[in-house]
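Below, each value reflects all heavy atoms present in this structure, side chains not excepted, and no hydrogens, waters or symmetry copies. Here is how names work: the chains are called A, B, and so on, in the same order as the sequence lines, proteins then strands, and each is numbered from 1.
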Amino acid sequence: MASIARCLRAARPSTLSRLAQVPRTRYNWQPATLRAFSASPIRDIRKYTKDHEWIDLNAEKTAGVIGISEYAAEELGDVVYVELPEEGKEVSAGDTIGAVESVKSAADINAPIACKVTSVNLGLEEKPGTINQVPEDDSHGGGWIVKVQVGEQGVKDFDALMTLEEYKAFTGSEEH
Amino acid sequence: MALPRRLLNTFSRPRIRPYYNISLSARRLFNAEAVSHPSNRVQVYISRATDPYLNLSIEHFLLQKSPPDSVVLFLYTNRPCVVVGRNQNPWVEVNLGLLGPGRSKVVDGSGDDNQGPVLLVRRRSGGGTVFHDPGNVNYSVICPPASFDRNKHAEMVVRALRSLGVSGSRVNERHDIVLDGRSCAPPAAPFIKARGVESVRSPIRNVEIPDTAAFEEAVVAEFGAMYGNVDPEIIRVTDAETALDDVPAVAKGYAELKSLDWIYAQTPQFSFSTHPTEDDPRPRPSLPDDLPADFRAAMTVRHGQIIEVSGKGLPEESLKSTYLHHITDWRSKVDSESVGRWLNTLFGVIS
């Protein structure tokens, strides 16, 4: 199967080219207001992949949370099922850790960094629509996909990912 | 894994007798290296193999190996089979008992298409359940994402049908021309609450055209009009079987598709209950009269494996951790003969 990025281009090319031309306004959504329960004193750092996954890394750089971006969720359309990995699965950056089937396509979810899956968001199996509602919410009831343990390689991989600003620019300019 | 291609797979159904004479000329043999050669910008293949697992594996191979900027048309016709979507539940979607024994085995390599069991197939792509038979030609178009449009190739087929004198076909709001499916209500469905993807029931129509070869030719012609004419490559049964032996990617895909793990254990979690529950309050059909009066049972099945059993009548110790598709006779699993018989019917065990 194809990565989310590939499927997005397939899903709505016309939208993507339109987005490329207009100033982006869709990132007004503030996760902070929905994250009261899990907000930690030291903010996690969130980065994005070109395949439209996000990952939060904790301040100690030992654990993270992975999901798909709001941009991706919107472009995929209504999600009908989310395939989750088994707990304990160890992956390298780019390996498949799940898949999301929407009314438009089925796309792989790839690991943004090398990591080991420590828990999966089972709620998504029953309520896949959560991905459409709060894809970037890493709290209980949010649309996060997996929680992971991160080692040295994972931290290295993390450095290479895009910041929110870079990702915004990337999705704004993505035309293919 | 990022694949640079987009697979379109739609089903149309000209209702006709099985082809035996091929009017399209076979110029080249199916050649795995040619598939990925960068100069092969427009490729057309027609498979004469009828093994659905093999055709889907060849399709997947074409998706993975064809050059990123190429356009590929793949036509194939399967022997009778039910094809469920990636995240569907075969016990909910299919009356497995009707498929007959050996429903995941291709019994004869090249014999009569209408003999033997109806095969059960789970494809890699998402969506709903369809029924295939020799009167049903499948078309796949693989194209670069930038030129992808949901209706573009469905309309290509509508034009092909029109050229054969079939008027009135059109592309609907679900991007379908005619969806193939058959009402074969599965007996277990009313008792199951499933996660995953449910099929959308769609009416089917047979298209009155003389034979599948004519339809193939017309589609190839319309495809040629869009992307440039190329001679179709006929993948003969022997070519397909050679690919299975010689091309590791095809062999791997084939083994995956045929594995019972993929067909059954890929099923999203579901719960079965003989009576309404808080989670699933639908009224149930009445149970057979010969079941014990106080019979009441429920179980939860995760990825094809029974993980929870409750109620009177189902012995937890013999069922827990068992894979549903490993149970060959429920009578050996439960104390009551009548309960065993009923469960055999529900879950499509042939006994």
Side-chain angles (χ1 to χ4, degrees), chain A residues 1-17 20 49-53 75-86 91-112 120 122-130 174-176, chain B residues 1-9 59-60 63-64 68-69 84-89 122-128 141-153 173-175 193-200 253 256 262 265-271 279-280 300-303 305 307:
Chain A
M1 242 187 336
S3 69
I4 293 170
R6 296 299 181 190
C7 290
L8 290 194
R9 288 167 206 160
R12 230 193 285 172
S14 55
T15 310
L16 292 178
S17 45
T49 69
K50 288 183 176 175
D51 282 340
H52 305 286
E53 292 95 7
E75 293 298 325
L76 282 171
D78 291 343
V79 172
V80 291
Y81 192 67
V82 182
E83 280 175 68
L84 299 164
E86 294 297 323
V91 291
S92 305
D95 287 354
T96 303
I97 48 167
V100 48
E101 180 180 340
S102 77
V103 289
K104 291 178 185 170
S105 62
D108 284 330
I109 303 165
N110 297 330
V120 297
L122 274 182
L124 292 180
E125 278 190 10
E126 271 188 286
K127 291 184 182 160
T130 308
E174 193 186 30
E175 272 198 85
H176 27 271
Chain B
M1 185 176 63
L3 295 174
R5 316 308 312 286
R6 171 77 197 172
L7 174 70
L8 272 168
N9 191 318
E59 180 188 72
H60 191 62
L63 172 68
Q64 287 179 309
D69 57 351
V84 302
R86 182 184 181 93
N87 295 305
Q88 290 203 295
N89 183 322
R122 183 191 295 275
R123 65 175 179 273
R124 291 171 196 277
S125 55
V141 177
I142 300 168
C143 68
S147 60
F148 175 83
D149 172 334
R150 266 167 195 273
N151 291 339
K152 190 171 170 181
H153 299 102
E173 66 292 344
R174 300 189 68 236
H175 316 288
K193 179 178 163 62
R195 300 176 184 176
V197 181
E198 263 185 77
S199 292
V200 177
E256 282 167 1
W262 172 253
Q266 166 76 9
T267 303
Q269 180 168 323
F270 67 95
S271 51
D279 276 353
D280 181 13
T300 304
V301 181
R302 183 163 179 79
H303 298 156
Q305 190 177 29
I307 56 169

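- For a residue to count as touching a neighbouring chain, one of its non-hydrogen atoms must lie under 4.5 Å from one of that chain's; by this rule B:Q266 touches chain A with the side chain only.
- Between atom CZ of residue B:R195 and atom CG of residue A:L122 there is a gap of 6.5 Å, rounded to the nearest 0.5 Å.
- Atom CZ of B:R86 is separated from atom CD of A:E101 by 8.5 Å, given to the nearest 0.5 angstrom.
- Sparse packing is recorded around NZ of A:K127, with 12 or fewer heavy atoms of other residues, nucleotides or ligands lying under 6.0 Å away.
- Nearest heavy atom pair, residue B:G126 against residue A:A106, reads N-CB, 4.3 Å.
- A:Y81 and B:P268 get closest at one heavy-atom pair: OH-CB, 3.2 Å.
- Residue B:E198 places its CD atom among 12 or fewer non-hydrogen atoms of other residues, nucleotides or ligands, all under 6.0 Å distant.
- Distance check, rounded to the nearest 0.5 Å: CD of A:E86 to NE2 of B:H303 gives 6.5 Å.
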